[in-house]
Amino acid sequence: MSINPAGWRPERPETAANAAPATVTGNRALMLEEPLIFEVGSTLTTGVDLAEPPAGKPRLGTLERTTAIGLPGLSEPEAMRHYTRLSRQNYAIDLGLFPLGSCTMKHNPRLNEKIARLPGFADVHPLQPVDTVQGALGVIQELAVWLITLTGMHGVAMSPKAGAHGELCGILAIKAALEAKGEGHRKVILVPESAHGTNPATAAFAGYTVENIPATDAGRVDSAALIARLGPDVAAVMITNPNTCGLFERDMKTISDAVHAVGAFVYCDGANFNAIVGKVRPGDLGIDAMHINLHKTFSTPHGGGGPGSGPVVLSEALSPFGPLPFVAKHADGHFALVEEETAGDDHPQSFGRMVAFHGQMGMFTRALTYILSHGADGLKQVAEDAVLNANYILRSLEGTLSAPFAASGPCMHEALFSDDGFPEGFSTLDVAKGLIDEGFHPMTVYFPLVVHGAMLVEPTETESKAGIDQFVAALRSVAERAKTGDISLKTAPHFAPRSRLDETQAARKPVLVWKDAALAQAAE
Ligand SMILES: *Cc1c(COP(=O)(O)O)cnc(C)c1O
């Protein structure tokens, strides 16, 4: 299907970069245009020949369909090509650097995939008798022990299925612990300004009132302001460490001590654990609950590539309230699934369940494979290399882009820049779009909110120096174009299948349903 039947052509603004004549097909070199599946093929020339069904009394009564069903009509090769072409328009971690700050888009080792596909892991069913899945339960248990050890915490809830889901789990455990102490009246959760959007959303969803704590000029939480706000109405603080400015919160222990002194709990957003794994144990910082994104730190696929997994490590004070079910190891080496609150067990006052079953088995297998293939020393090096790579980017670009907290010392796993110094009319968005022309997925933009026109770059430890140098050269070139007011940047990307989109329209008035004019008319 090379000629587009709908006669549709991509819209490209006329600029020097794309002044080349449009192709008849709409294709660009080996990048093929692809219309919607309903716009190609024909039901008149595809499908299977079936004999007319014998006449009979329809059993659907008035529900019998009288109009065409509107299915696309593609032959097998057309269908294959349609989806393969669409897949080529995706960007993926297996194609190149994915520098999204806060997302930790690292390489997913193929060994993880191989182990997760072993039939004994891949084909288990959550309702199988416990005696037939001892190996799978052993994986959950062994991973749990690693997570507890790496964080220096008391217990872990394995079932939450994403970071945000883990946040909810942690906050519900805090709520249950407060209610058990007769302190259910505490209604406020303090959240620093630089928090990930999921933190205030979680607190609000769990029924709390969110109060913002400002950041200092150095990009860290204003711990004096936080401590001054503590009181009998505060249930918890939610704090991200390393924070979303890519900095380590050095006052964490002081903050935790002050929070505990007023009877509240400390929730830590541990999505950025990649920067400190093997180096810092959150338990030593006085943290009561922290989610770990297996799909970030422990290299399980994410971002359209796979489900997340957000186990939550819990302090001794919160462990009794953790969710069910959980895996217990008996003295004889046998694994059991604890499905109900049991006195003497780990979660005697459980707040309930987060999910129907036990969590993301495939992610557990991948994460444990990653942990075992690195070992304790290797995980420490993961953090060191991730931090080294981010600092290399920060120092390579600080002469080109404004780096608001560069004076606060080395960054952790991500480097933060701003659009400070761009001429009128040029912004972070133009840099992101220009990077697409250079063949790079843009970094995280306009987050964290505490920095104007933020660009948050997280290379992770899996990028080579050569790969990072190429990215730095591309970002430097695009940033220079923005700084010198190169007007062609305003219409970038020029080389992508679609040029600059109207993102406001796309967000506010998305067209999500295809309507066939002929079908719509027939239905009338
Ligand atoms: C990714 C992330 C989250 C949310 O994790 P999900 O798995 O996407 O729900 C929360 N906080 C921070 C700091 C993150 O980077």
Side-chain angles (χ1 to χ4, degrees), residues 93 98-106 108 147 151 157-172 189 191-206 210 213 215 219-221 236-249 252 266-277 282 287 289-313 354-355 359-360 362-364 366-367 383 386 390 411-416 443-451 454-460:
I93 189 70
F98 223 120
L100 281 178
S102 211
C103 293
T104 312
M105 304 297 289
K106 64 168 80 172
N108 311 127
L147 297 180
T151 54
M158 297 297 288
S159 59
K161 295 197 172 185
H165 202 209
E167 288 173 33
L168 183 62
C169 173
I171 295 299
L172 291 179
I189 290 190
V191 180
E193 261 180 345
S194 63
H196 196 264
T198 49
N199 293 190
T202 296
F205 188 74
V210 177
I213 300 295
R220 295 193 170 87
V221 64
V237 302
M238 286 182 95
I239 201 161
T240 307
N241 201 9
N243 70 23
T244 57
C245 297
L247 301 174
F248 190 75
E249 294 288 359
M252 198 64 226
V266 181
Y267 187 90
C268 179
D269 181 331
N272 296 332
F273 193 47
N274 204 50
I276 56 172
V277 60
I287 283 151
M290 179 180 97
H291 71 268
I292 297 168
N293 291 32
L294 296 187
H295 50 290
K296 292 179 181 170
T297 308
F298 298 106
S299 80
T300 71
H302 59 134
S309 183
V312 182
V313 285
M354 292 301 292
V355 294
Q360 305 282 27
M363 298 300 117
F364 298 157
R366 288 174 175 86
C411 63
M412 298 298 290
H413 57 302
E414 50 197 3
L416 180 58
M443 59 296 203
T444 293
V445 293
Y446 299 106
F447 177 81
L449 303 176
V450 288
V451 167
M455 296 172 231
L456 191 61
V457 183
E458 180 178 4
T460 82

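Atoms within a ligand are numbered from 1 in the order they appear, just like the ligands themselves.
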(request) Indicate yes or no for a side-chain donor-acceptor contact from D269 to the backbone of I239 under 3.5 Å, with no hydrogens or angles considered. (result) no

(request) Note the single closest protein heavy atom to atom 14 (C) of ligand 1, along with its residue, its atom name and the distance in Å. (result) K296 NZ, 2.9 Å

(request) Measure from the side-chain N and O atoms of E458 to the backbone N and O of H413, and report whether any donor-acceptor pair falls under 3.5 Å. (result) no

(message) Using a plain distance cutoff, I'd like to know if C103 has any nitrogen or oxygen under 3.5 Å from a nitrogen or oxygen of ligand 1.
(response) no

(request) Mark up the atoms of ligand 1 that fall under 4.0 Å of a heavy atom belonging to A162, in ascending order. (result) 7 (O), 9 (O)

(request) For ligand 1, indicate whether the residue A271 contacts it via side chain, backbone, both or neither (heavy-atom separation under 4.0 Å). (result) side chain

(message) Determine whether a donor-acceptor pair (N or O, by modelled atom type, separation under 3.5 Å) exists between the side chain of N272 and the backbone of A275.
(response) no

(request) Among all protein heavy atoms, pick the one closest to atom 9 (O) of ligand 1 and tell me residue, atom and distance. (result) A164 N, 2.8 Å

(message) Does the residue H302 have a heavy-atom contact with ligand 1, meaning some pair of atoms that are separated by less than 4.0 Å?
(response) no

(message) Donor-acceptor pair, distance only, cut-off 3.5 Å: does the side chain of E414 make one with the backbone of A390?
(response) no

(request) Under 4.0 Å, heavy atoms only, figure out whether ligand 1 is touched by the backbone of N293, its side chain, both or neither. (result) side chain

(request) Report yes or no: does E193 contribute a side-chain atom to a donor-acceptor pair with the main-chain N or O of A215 at less than 3.5 Å? (result) yes

(message) When you measure from the side chain of N293 to the backbone of H295, do you find a donor-acceptor pair of N or O atoms at a distance under 3.5 Å?
(response) no

(request) Return a yes/no value for H295: is any of its N or O atoms, backbone included, closer than 3.5 angstrom to an N or O of ligand 1? (result) yes

(request) Please say whether H291 places an N or O atom under 3.5 Å from an N or O atom belonging to ligand 1. (result) no

(request) Return yes or no for this condition: an N or O of D269 is under 3.5 Å from an N or O of ligand 1. (result) yes

(request) Ignoring hydrogens and angles, tell me if any N or O in the side chain of S159 forms a donor-acceptor pair with the backbone of G359 under 3.5 Å. (result) no

(request) Ignoring hydrogens and angles, tell me if any N or O in the side chain of R220 forms a donor-acceptor pair with the backbone of F248 under 3.5 Å. (result) yes

(request) Name the option, out of S309, G163, A195, that contains the heavy atom nearest to atom 6 (P) of ligand 1. (result) G163

(request) Number the atoms of ligand 1 from 1 as they appear, then name those within less than 4.0 Å of a heavy atom of T198, with their elements. (result) 10 (C), 11 (N)

(request) Taking T244 for its side chain and S194 for its backbone only, find out whether a donor-acceptor pair lies under 3.5 Å. (result) yes

(request) Take every heavy atom of H165, measure it against each atom of ligand 1, and state whether any distance is under 4.0 Å. (result) no

